[in-house]
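Below: one structure, written as structure tokens.
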2 protein chains.
Amino acid sequence: MHRCQPPDAVVWPQNVEQVSQLAALCYSQGVPIIPFGTGTGLEGGVCAVQGGVCINLTHMDKILELHLEDFSVVVEPGVTHKALNTRLRDSGLWFPVDPGADASLCGMVATGASGTNAVRYGTMRENVLNLEVVLPGGELLHTAGLGRHFRKSAAGYNLTGLFVGSEGTLGLITAATLRLHPAPEATVVATCAFPSVQAAVDSTVHILQAAVPVARIEFLDDVTMDACNKHSQLNCSVAPTLFLEFHGSEQVLAEQLQRAEEITQDNGAFHFSSAKEAEERSRLWAARHSAWYAVLALRPGYKGYSTDVCVPISRLPEILVQTKEDLKAQGLTGAILGHVGDGNFHCLLLVDPEDPEELHRVKAFSELLGRRALALHGTCTGEHGIGLGKRQLLQEEVGAVGMETMRRLKAMLDPRGLMNPGKVL
Amino acid sequence: MHRCQPPDAVVWPQNVEQVSQLAALCYSQGVPIIPFGTGTGLEGGVCAVQGGVCINLTHMDKILELHLEDFSVVVEPGVTHKALNTRLRDSGLWFPVDPGADASLCGMVATGASGTNAVRYGTMRENVLNLEVVLPGGELLHTAGLGRHFRKSAAGYNLTGLFVGSEGTLGLITAATLRLHPAPEATVVATCAFPSVQAAVDSTVHILQAAVPVARIEFLDDVTMDACNKHSQLNCSVAPTLFLEFHGSEQVLAEQLQRAEEITQDNGAFHFSSAKEAEERSRLWAARHSAWYAVLALRPGYKGYSTDVCVPISRLPEILVQTKEDLKAQGLTGAILGHVGDGNFHCLLLVDPEDPEELHRVKAFSELLGRRALALHGTCTGEHGIGLGKRQLLQEEVGAVGMETMRRLKAMLDPRGLMNPGKVL
């Protein structure tokens, strides 16, 4: 959806001093600065809409500090979440936030990423303890103070939170101190098919209300299941489906699984199966994480575009039913899947890149869906960010005083408007 | 420690429109504005150091919206956390953040409160979804957009996070949308005495590393235990002690309890006992929450002052041992207790209000302790806030660029410096 606009130059700094010098130089010369991590964002956050210098941070890829007893780690911006978890293997700890793509952790900070584990472990907002940020003019800010990695604080304004989700528009994140979690002793995955979207969502609410500490609870609609069956050789029902994951001791897992099965069956589920072995679990999650490619494979040659709204969980059934009807009315192919425990879902739309009329319909559908979410007290983006395409929706979401406050924040930290221009505001 | 300085006037608005009119009037006339909730804060946040108008928000005490399926609630500033939980009784949900005092929820937002349950349920930072804020000039800001109560969002800058912990210096919080949690099916409390502080902290780390989802894990030193024994008629060992609480199903609780007992015994604990009955549990937590009064009772007529540092958990043993030595060296009476799972602890100091020299020693001790925490990569305040007395420590904690960024934030939202002046910065 967002045509790539290249920068005038790309630089690969090796350390924070070089980032600081580059920022100071660009800023003094009036040159736009575009931070770049892995480029896996979905909202055009790295497009150089006004040209300028792309600062590619992937060469800064060291894990600087690892504090196992304190459940924290300090990473440079080139470290991805998979690389971190590989390093943590056998440590008994892990970093659970997983947006699907193997994104860089500082890029995940910048977009406020979340993903499938957020329902239990939180999003990036809840898992960042401190940030090293090069401000637009080159100054170095440690949002919680240099070298600090405490679990909580009430000291002054929450500068860390200000940069999480700022999409590169307030500064360059050159190191992140993250919170680690104990690795689960054992894991079990379950899948479950339902006669309706309502039954799947009701099950989700009841599971959460019963305080079952579900680690993942993912919704896949009939179109997604059909695509996954074909692409990943699954043999699941083509129906609204939940993929669930539980973490804990063997005994705890058995209990959680039993409760979830009871709840889903009370809601009319017609198929509940579970998998304990690592191989079968991996196969199911690989299918879930390949859903994007599975759906793309439905129409070879087509491009994909993902919506990303989030609503109060009780409003999910109606917006999902509406969305299905909208797809039909617009003659669009779309598959729905989402992090249903958070009320966040994506509609993966297929579009013929040679057909400007279809592209137009996809954009109109996406805006309509954003407005439907706003009307239900929701947000136009649960985890992908505003980027280039949702700036109008952001205005409708936060209102005039909210926008004015955000603009003043931007002007305060980036008075010349050179940090990743054209994004968010 | 903070002598009360009265305002020139106190007003009791009945609704947000009146708050907005009051703010606009005061601001246009250059009159300082001091928001007031329950006045239970410990860092002098409601002192009217420059006079002005105290806006007492306790008459606005309605629960405006309750969304049980969405796990959220909207409260006016006069609602306390106990009042909310009374209303939620029998709903299957609760609001877990509990700072000890029956503080107002919007006041807890303003100070970024946490307390005993934070190790499992997070602090206010993790439990606020949206805020209605009257800005200093009277404008109304909805930090996440009017009426929105989604679980997560990546839409623009995190304005909600900016006001959590802002201590009334950026605006008046007139409503808060909070995240609710499922009430635990069953609860068990355990107490456990140790031969040393190190053994108690090691047990804490091992319990957290073992992914035992402990709901509370509180440390009480020998002085605190002695005071609690006397004041609350307990019969516990006078030794470093942990109070633990577990939430879950009966089966899960049995397993958690067994694990915790094994871990503490591996670390040399010499007494482990548990209580399931509500009465006995209440008695233990009442003793913990009365610790302040129990310690005060050690020296009738004395006043209490509480420190509030937080360090990476691995550094707790050394700072606790140092603190004990400092108390001895300074000839001060102090009891130590804390939220050890977060690395946060308090030293309750007793001071003769008629003895300016002792008062001076208490202040010097408190500053020394703050600097010890900073040297160990910690913070000078885990949950009480900066208020009046820790402004110098905040500068040392966040550094020059951090302070400059905070000052610019303050100047952006409150250019005339009239919102709760003299606090934080």
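When reading the values below, keep in mind they use all heavy atoms of this one structure, side chains included, and skip hydrogens, waters and symmetry mates. In what follows, chains are A, B, ... by sequence order, proteins preceding strands, each numbered from 1.
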Chain A contact via B/H384 - side chain, backbone, both or neither, heavy atoms under 4.5 Å: backbone
Heavy-atom pairs under 4.5 Å with chain B - which of A/N344, A/V212, A/L393, A/V133 has more of them than the others? A/N344
Could you measure the distance from the CD atom of B/E69 to the NE2 atom of A/H206? Nearest 0.5 Å is fine. 6.5 Å
Identify which of B/E139, B/E126, B/H142, B/Q251 forms the greatest number of heavy-atom pairs closer than 4.5 Å to chain A. B/Q251
Under 4.5 Å from any heavy atom of chain A, what part of B/E396 do you find: side chain, backbone, both or neither? backbone
Taking the side chain as C-beta and beyond, is there a heavy-atom pair between A/D70 and B/V205 under 4.5 Å? no
If one checks every heavy atom of A/L394 against chain B at 4.5 Å, the contacting part turns out to be side chain
Most chain B-contacting option - heavy-atom pairs closer than 4.5 Å, from A/G343, A/G145, A/S314: A/S314
State the OG-CD distance between A/S249 and B/E255, to the nearest 0.5 angstrom. 3.0 Å
When only pairs under 4.5 Å are counted, which of B/V398, B/V424, B/I313, B/L135 shares the most heavy-atom pairs with chain A? B/I313
Calculate, to the nearest 0.5 Å, the distance between atoms CD and CZ belonging to B/E397 and A/R148 respectively. 5.0 Å
Shortest non-hydrogen contact from B/G382 toward A/K152: O-CE, 3.7 Å
Could you state the interatomic distance from NE2 (B/H149) to CZ (A/R315), rounded to the nearest 0.5 Å? 7.5 Å
Hey, are A/T169 and B/Y157 close enough side-chain-wise for a donor-acceptor pair under 3.5 Å? yes
Rounded to the nearest 0.5 angstrom, the CZ-OG1 distance for B/F150 and A/T381 is 10.0 Å
Between B/A144, B/S166, B/G156, who has the most heavy-atom pairs with chain A when the cutoff is under 4.5 Å? B/G156
Turns out that what part of B/R125 lies under 4.5 Å from chain A's heavy atoms comes down to side chain
Residue selection (most heavy-atom pairs with chain A, distance under 4.5 Å) from B/L413, B/T405, B/T123: B/T405
Residue, of B/A211, B/G378, B/G399, that accumulates the most heavy atom pairs under 4.5 Å with chain A: B/G378
Chain B heavy atoms under 4.5 Å from A/F163: which part of the residue, side chain, backbone, both or neither? neither
Could you check whether any side-chain heavy atom of B/R151 comes within less than 4.5 Å of a side-chain heavy atom of A/V119, counting everything from C-beta outward? yes
So what's closer than 4.5 Å to chain A heavy atoms on B/L159: side chain, backbone, both or neither? side chain
Per-residue tally against chain B (heavy atom, under 4.5 Å) across A/H247, A/K390, A/M403, A/R259 peaks at A/R259
Look at A/L208, A/L146, A/L129, A/V311 and state which one has the largest set of heavy-atom pairs under 4.5 Å with chain B. A/L208
Under 4.5 Å to a heavy atom of chain B? For A/I386 that would be both
Below 4.5 Å, heavy-atom pairs only: which of B/G112, B/G385, B/A210, B/A118 has the largest tally toward chain A? B/G385
Which bit of A/T111 is near chain B, if near means a heavy-atom gap under 4.5 Å: side chain, backbone, both or neither? backbone
Which atoms of A/E167 approach chain B - backbone, side chain, both or neither, heavy atom under 4.5 Å: side chain
Among A/G387, A/C380, A/A183, A/C310, residue most engaged with chain B (heavy-atom pairs, under 4.5 Å): A/C310
Given heavy-atom pairs under 4.5 angstrom as the criterion, report whether the side chain, backbone, both or neither of A/L374 touches chain B. both
Output for pair (B/D342 CG, A/S153 OG), nearest 0.5 Å, gives 11.5 Å
